Every structure is written in structure tokens, then in C-alpha cells.
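Reading through the C-alpha cells given below for one structure.
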Amino acid sequence: MGDDVIDGLWQRILDPDHGMQAWLAVDHGGGNGDGADDAQEAVVGLAHIIVHPHTFSLRNVAYLEDFWVSENQRGQGTGGKMMTVLQDQAKQQDWVRLYWLTSSDNHGAQRMYDRLTDRVESVLYKIDTPERD
């Protein structure tokens, strides 16, 4: 992504009136919380969600557009904990659902997702459009 896209993404995330949200999973490195161990903190997970209106309800839905867990955290429960937090948020905010897509060859993620919920058999179609000048 170019700097302009990154800057725009941050503007969206930081705008409380925009539907885009970013969630981070942070490993605090076992510090005592007084800030003295900040050098040991590391982002180990990231989720971008887009909250939007639902066509068949007056409640919103949330699309999990991007979900990432650092390689050294995969299989350690970090992804599952992140999904639990997002599910809790969905309940608190009264969203109809949290939904996402994953690549058909991303078998590691699919194993985790299959433990969380039932798979929906759908076919995705898309039409890419060129950028305007």
C-alpha cells in the first residue's frame, strides 16, 4: 500500500463516525504494567472490521476484513482469544452477525474458524474497477 492509502486507512480507523475499526492483540511480555517494560510489548494480532447496516434488519453487521496473527503466536490460542473478544463486542453492540471470508488454501485459519462456528457454503463473485484519475 502506498503512503496515501495508509494515511487514509488511519484516518478512517481514528474517526469515531466511520464504520472501520482496528483491534490489536498485544503481548505485554510479562511486564508489571508500570510502563517500565514497554520495550517488551509487541503487537501479535490485528483485526480490521467494518460495521455497516444490515439489509434485512435495523441492526448492524460487522465484516471482518483483515485478520492476522504473528507466526510465532499461531497455534497458541491468540487467534481464538481475539475472535472471542470480537464476538463479545458483537453481542455488546447488538450486531446481527460478525462475518468474514478466508482463502480456500488457508487451512490453518480454517481449522480455527471451524472450531468457532459452522462454515457457510457460498460462492464469491467480484468485479474489480479501475482507479479513477
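As the structure is a prediction and not an experimental result, all values here were calculated from the model.
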(request) Determine whether His48 and Ile13 make a side-chain contact, defined as any pair of heavy atoms from C-beta on separated by less than 4.5 Å. (result) yes
(request) Could you check whether the rings of Tyr99 and Tyr63 sit parallel, tilted or perpendicular, using 30° and 60° as the cut-offs? (result) tilted
(message) Do Met82 and Met112 land in one hydrophobic cluster if side-chain heavy atoms of ILVMFWY residues count as linked below 4.5 Å?
(response) yes
(message) If hydrophobic clusters are built from ILVMFWY residues whose side chains come within less than 4.5 Å, do Leu98 and Val69 share one?
(response) yes
(message) How long is the straight-line distance from CG of Asp27 back to CD of Gln76, given to the nearest 0.5 Å?
(response) 10.5 Å
(request) Measure the spacing between NE2 of His18 and CZ of Arg12 and express it to the nearest 0.5 Å. (result) 5.0 Å
(request) Output the distance between atom CE (Met83) and atom OG1 (Thr117), rounded to the nearest 0.5 Å. (result) 8.5 Å
(message) What's the separation between atom CD in Gln11 and atom CG in Leu9, rounded to the nearest 0.5 Å?
(response) 9.5 Å
(request) Identify whether Leu46 and Leu101 are in the same connected component of the hydrophobic contact network (ILVMFWY, side-chain heavy atoms under 4.5 Å). (result) no
(message) Using the rule that Ile, Leu, Val, Met, Phe, Trp and Tyr join whenever any side-chain heavy atoms are under 4.5 Å apart, tell me whether Trp68 and Met1 fall into a single cluster.
(response) no
(message) How close do Phe67 and Ala47 get, counting heavy atoms only, and between which atoms?
(response) CD1-CB, 3.9 Å
(message) Would the distance check show the side chain of Arg119 and the main-chain N or O of Asp114 forming a donor-acceptor pair, the cut-off being under 3.5 Å?
(response) no
(message) So Leu116 and Gln87, do their side chains get closer than 4.5 Å, heavy atoms only?
(response) yes
(message) Could you measure the distance from the CG atom of Leu64 to the CZ atom of Arg97? Nearest 0.5 Å is fine.
(response) 14.0 Å
(request) Count the heavy atoms of every other residue, nucleotide or ligand shown that sit under 6.0 Å from CG of Leu58, and state whether that count exceeds 12. (result) no
(request) Find the distance between CD (Gln93) and CG (Asn60) and round it off to the nearest 0.5 Å. (result) 9.0 Å
(request) Report the residue from Trp95, Trp23, Trp100 that forms a side-chain contact (heavy atoms from CB on, under 4.5 Å) with Leu86. (result) Trp23
(message) Tell me whether Asp118 at atom CG has more than 12 heavy atoms from other residues, nucleotides or ligands lying less than 6.0 Å away.
(response) no
(request) Verify the cluster assignment for Leu124 and Ile50: are they in a single hydrophobic cluster under the rule of side-chain heavy atoms below 4.5 Å apart? (result) no
